[in-house]
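To find a chain, count down the sequence lines: A is the first, B the second, and so on, and within it residues start at 1.
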Amino acid sequence: MTILANPELWASTLSMAVPLALPAIGGTFSERTGVVNIAMEGIMLIGAFFGVAFSYWTGNAWIGLLMALIIGGLVSAAFAWGAIRVSADQVVLGMAVNIFAAGLTAFLLDTVFGFSGTPTTTPKLPNVKSIPGIDQIPFVGKIFENQSILVYIMILLVILSHWFLFHTRLGLRMRSVGEHPLAADTVGVNVWRLRYTGVIIGGLLSALGGAYLSIGVLNSFSVNMTNGRGYIALAAMIFGKWTPFGSFGAALLFGFSTALGIALQGQGISSNILQMIPYALTILALAGLVGRSNPPAADGIPYEPKR
Amino acid sequence: MKAFRIILSPILASLLAIIIGGILVSAMGYNPFVVYGSLVSGAFGSVINIGNTITASIPLILCGLGIAIAFQSGLFNIGADGQYWVGSAAAVWVGYHFTTLPGWLHIILCIIVGMVVGALWGGIIPGLTKAFVGSHEVITTMMMSYIGILLARYLIEGGPMQQKGYNPQSPPIAQNTQLPYFSQVLQQSQLSLVAVAITILAAVATWFLLYKTTTGYQLRTVGLSHRAAKYAGIKVKLFIVLALCLSGLFAGLAGSVQMLGVDHRLLDGFSSEYGYTAIVVALLARNNPFGVLLAGLFFGALTTGGQNMQIVSQVPAALTDVLTGLIIFFVACERIIPQIIQWYRRRRSLRSGALTS
Amino acid sequence: MDNFLEVIDLKKWFPGVKANDGVNLSVKSGEVHAILGENGAGKSTLMKMIYGLLEPTSGEIRLAGEAVHFRSPREAIQAGIGMVHQHFMLIPALTVAENVVLGDEPGGVNYNRREAVRRVRELSERYGLAIDPTAKVSQLSVGLQQRVEILKAFYRKARLIILDEPTALLTPQETRELFTIVRSLQAEGTPVLFISHKLDEVKEISDRVTVMRAGKTVDTVETKDATPQDLANMMVGRAVVLRVEKSEARPGEPILQVKDLTVRDSAKHVRVKGISLELRRGEILGLAGIDGNGQFEFADAIAGLLKPDSGEIVFDGKNITGVSPAARTEAGIAYVPQDRQADGLVLNFDLVENTILRDFRKQPYSRRGIIQHGSATEYTKRLIGEFDVRPPDPARKASELSGGNQQKVILAREVSRDPLMLIASQPTRGLDVGAIEGIHRQLIRLRDEGKGVLLVSLELDEILSLSDRIAVIHDGRIIDIIPGEQATREQIGLLMTGTRTHAEVTSS
Amino acid sequence: GCGASTSGGQGNAASNNATSGTTGSKTGNTIKVGLVTDTGGLNDNSFNHLADVGLKNAQQQLGVTAGVVESKSESDYVPNLSHFAQSGYNLVIAVGFLMHDAVEQVAQQYPKTQFLIIDDSITDRPNVTCAIFKSEQAGYLAGAMAGLLETGKALPNLNSKNVVGVIGGQKIPPVDTYIAGFQQGFKKEDPSGSVLLKYTNSFTDQSLGSQYAQNEMSSGADIIFPVAGGCGIGAINAVKTANIYAIGVDTDQKYLAPNSVITSAMKGVDTSVFDTIKNVQAGTFKSGVQTFGLEGNGVGIAPSMSGVPQDVVDKVNQLKQDIISGKIQVSTTVQQ
Ligand SMILES: Nc1ncnc2c1ncn2[C@@H]1O[C@H](COP(=O)(O)OP(=O)(O)OP(=O)(O)O)[C@@H](O)[C@H]1O
Ligand SMILES: Nc1ncnc2c1ncn2[C@@H]1O[C@H](COP(=O)(O)OP(=O)(O)OP(=O)(O)O)[C@@H](O)[C@H]1O
Ligand SMILES: [Mg+2]
Ligand SMILES: [Mg+2]
């Protein structure tokens, strides 16, 4: 109970949810248009690396962030080309991107910056010390104290993504393309263009999630620093039933249970056992509360009408 | 055209990847011929290297077969890693107990226990929750995989399987449960013909199961349409559980064979990522069991060749990943080759058409 | 500029199939032009080329005198073409309104949901196709889905409307409404291409008819100059029997007894509300009703695909209420499900695998758990021959067959299983007259062999011409059961709306 | 850092522990040395990296030919070791105890090749030498310094809770020896203080390391000792942001946060590699276990941050002498 009363636990929950929620929502965009996206892990790494690299080179973390988005977007465009234009197997392509990105970022880190990585003087994105109003609320104020600005951007993006997918014309068309591309095509919707859009938005959000790790929380990169978050994000996306709010909720659950696992350590129980908590809790929540989650009907199926 | 698609275009696609990779590698200041030469010679350059390639491909093939069965049944088993490791742990545990058993019986027992534990790990929770609650198997198999790896790690980091002493590792399995190598050369590449036989047998068995038995027919029907399966009188839930069990069974088999044939004990490391690579193996093979053999060998060759590439041409390990990623990307995109050819033909015929008219 | 649409020597070749092989067609402004042809004759293929969904192999399409080369439906839509697709192009996860307005939604960046609903409601009222714009399409019966598909085509003002079998799932009343719309379009000068297998509909609505056979246009005639028999003969290329000949029924012992059956559908709505019914050996019992009144759930429950809430099903003297679908199949129940693509076939399986779908456990298709591919292929070839499945290739995937031929495969499988009873839901939906003739003959043959046949159909004519007795279902209840030969169209039609006639009609 | 002072004097440690004679190796400048990392890879910010540093130094200063391969999985160890042996490398270096079995096997197959294994002991092969580090001694000094600073409140921003935090990468000997020593040293100087101990089970996840640090800080820890490779870098980053203190590991990590890293517990993997290469080159390769401790600077702590009071430094130096002289024995067992 004292553990739960510690605001640090909740601050940690929020902070750890960011690099899961962003790629999970990114994946939601991609899969809502019908492209299975397992490349989140790789694109996060790309975002993380180029974010911090450009932050160092330009001395401005915001430019770093921008470059992370641009390069992450380019890589996801390549993925999209393979998945949409060539109708290649989307899972294989995604794994290819992951392997490629892991190699590329490690290679560049070692050759450009050396094994000790980017210098410690590299700028990071600012933290928001406190939000007037919120900082007055006793417990909650502590949670939001000194979080990265990307935490707030994420919250904004969750809402924006929901609005975009479910309340705009483009969102409606994107969803239709992921459900039944032929039907969408027969009413004049440009299936390929929307799929490109979905995948690239997905790439941007994944890259943003990666950049959060390297220039949001820290100001450095280490090889494989995403540590499987892209895959967890995939799970969070499914857990959240392919919706932004759902993905965010699942990311919070993961963040919370990871934080709980950390907090419970040091009392004689093996860390290996305690680190099972997030995974076990997810299965329990999935089986007990969430139940069936059905993907968009055309998810993963290339659209190639024989004309 | 069909034969062309199946054989030639992946080769051409790999070539394309190799050319692009070569340009990249030269841009980084390495000699692409040396780099690729070392990749190929590392994978196939000597009997030992070929042995290494096969050794590296065996766990990928076995996991890949399991994943292919799941895919054919309409399920995505993303957690073969965990199934592999719990299967490994179980096989090793049996391997250093029951030492009074005759060697061959002990080996069979290890393998069976490894398979059963893998099957239960992959099948019970993911299978039952999928069948009865509809929980998505990508999440449950992934979560169970993480739990399985943590469990295996716990077992040797202070848990009941840790060998007395300094290092976190299990005791070695009994001498006579180690799969025999038969020859010096094979030993150097840690390649047991028994493991090879098991792998080939597993591929044949998978093919037979999927395409020749009513069980396989039912699995595939469930994979293509739950409604039609129900109409056909197939117990859909049962076959969902069965498919995930079978999938885990093969991952457990992979772990057992690896432990008995190569590792001989549970070591701290757990970094193999067989699960993810095997997904690519299964999909590149279009979930065809014999295709899985080939794709597995392809990845085995990339692994051993990649290691050799580092040694011979001094390319950093990370660059081998870059090349591997490129090659997989283009092999996946092999369909672009006939498209390019077609486009070229059409352009040419258009041009000649324009000339004649 | 008399001909609004002209098709000149159009060809479309698929690998191994010449779906269109020299099609010529001209459609005048303001005319309703019907296309007739057997299943697989190439009608839909032709329409898809006009709509930009398929690109012709060769030949020309002219619209208002100008040659057009549509590379996508988007371009066809821009050129003013609207189409009702034979296989619905609906998105089940979206609402009716979303489906209708998709591609031309009201609103700016925002999707204006309220306006969309308003427009669709107005449209459905104007055309007399009542529908709830806020309902999810996945929850609609196929009949209602057909209305949505039609509304979609009329949502955008089109210069040419293509209707590919729009009436296959409509009630007679709805067909009336549709024809009213078609006439008003005609009055505005909009040409309509109309495809149907129902000759009386073609007679009623069209000005001219073009008949297709095996990918070629055979002839174009003025509708008023041709009798239905003429048209049928033209399309099949031989004389067709339009009326079903059948002998006197000799009903025997009951084969199926249903008592107080209550069934919910998969969305948990109660659809069957306490039905009791008896089917005898050697009779065809027709179950007539408007779509959505529980007839298909009733059939599913007998076949074991839906678990009844309460009630009892006795088959061949044994209580099978709790028995698995497999055991029911084993006991001799054959079933032609309503949704052939979702239930009846595995589209990605070849014809051999589809033929053994229900009997793969049995010899000679399998032995001790091993599939006997040889004898299965043998058997499939035989059925393909007997039921005239085209193309006659057992290795072809079911998805590559035309809808009519898919249906033939299912019927062939179910009828040839030598069942004690056949439940046939919509067995001739979308079939051409020749094929219908064949299937009706099979149903009568089964009956004459002493089997029980439960015919569930939305086609009143089919029910009337085949049934020995007719049960009318309304709102999950049997309103009445009347002998087949005494029944009239009007009487059944009235009963179907839930209006019980007076005591003069005695239930048997 | 430690890597710079490559000419460490382990001479006596090495000769003390030599159990068998030299095997016939070519002397001269032309020797070839192969390095096989464990699955952590060269950028583990820990011993793989340090071994590589030692090899690079030898390459420059001794002119040896060097080859490096990073192992992708456990199954790569044997092929990689064999590959160097087979291609006529004179010395093959295996980094990490995980390669124990692999070295045993390959060393037997290639008796003419010499092997060095880091962090493990293999005593029954005439062509294998092992480098074992008494990291617990370095950990002890670091812990003692932390304890002294806590009791004396000798640095700004130290709170009154007397809590320090340790973050382990994984429960394995190379990590736990540091931690065991740290706990003993801290308890010696601050018996009433407490040491938090958590494991991240990752050596790469910087952001996770940062979260662990946050968590320990929220429990009052104001000196954090991460023993977690790259993951620990994240912890130091968090410590820096919070304006409190950290102790580096393996190498002098002061460069990460000059105002926060009090000192670093170091391990001379680079030195041991360099010296072994030198021995092989000189034809004086010794098989058996070589132990590297405080004596001879096989392990040690880095010069402390400015601001640490001289008396603390002196006290720590005294403890160092006590350990070298055997007055203090440091255990390798972690207290949970
Ligand atoms: N077979 C294909 N697979 C994937 N992408 C395609 C394919 N064909 C075209 N595209 C891409 O899709 C996008 C749109 O193509 P298309 O030509 O259908 O639209 P368009 O001409 O831009 O029409 P409009 O402007 O009306 O939307 C282009 O970027 C094109 O490169
Ligand atoms: N995409 C396709 N690939 C291969 N063959 C096809 C394809 N589409 C249609 N066909 C074949 O072309 C022929 C014509 O099919 P089409 O759907 O045009 O027939 P139809 O006249 O509309 O029949 P129905 O009355 O059953 O709807 C059939 O033999 C069909 O199997
Ligand atoms: Mg048609
Ligand atoms: Mg058709």
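When side chains are defined from C-beta on, A/S176 counts as touching C/L94, because their heavy atoms get closer than 4.5 Å. Looking only at side-chain heavy atoms (C-beta outward), A/T186 and C/H85 come within less than 4.5 Å of each other. Considering only heavy atoms from C-beta on, A/L170 stays 4.5 Å or farther from C/Y111 through its side chain. A/W163 has its side chain within reach of C/V109: a pair of non-hydrogen atoms, C-beta onward, lies under 4.5 Å apart. The shortest distance between side-chain heavy atoms of A/L182 and C/L53 falls below 4.5 Å.
Using a 4.5 Å cut-off between heavy atoms, C/K48 makes no contact with chain A at all. Only the side chain of C/Y51 comes within contact range of chain A, judged by heavy atoms closer than 4.5 Å.
Residues A/A183 and C/L90 approach most closely at CB-N, 4.1 Å, considering heavy atoms. Shown here for C/L102 and A/L172, the closest heavy-atom pair between the two residues is CD1-CG, 3.9 Å.
Annotation: C/K136, atom NZ; neighbour count of heavy atoms from other residues, nucleotides and ligands within 6.0 Å does not exceed 12.
Residue with the most contacts toward chain A among C/N99, C/V101, C/N110: C/N110 (heavy-atom pairs, distance under 4.5 Å). Your options are A/H180, A/R175, A/E179, and the one with the most heavy-atom pairs under 4.5 Å with chain C is A/H180.
At distances below 3.5 Å, not a single donor-acceptor pair connects side-chain atoms of C/R74 with backbone N or O atoms of A/D185. In this structure a side-chain-to-backbone donor-acceptor pair under 3.5 Å is missing from A/R169 to C/N112.
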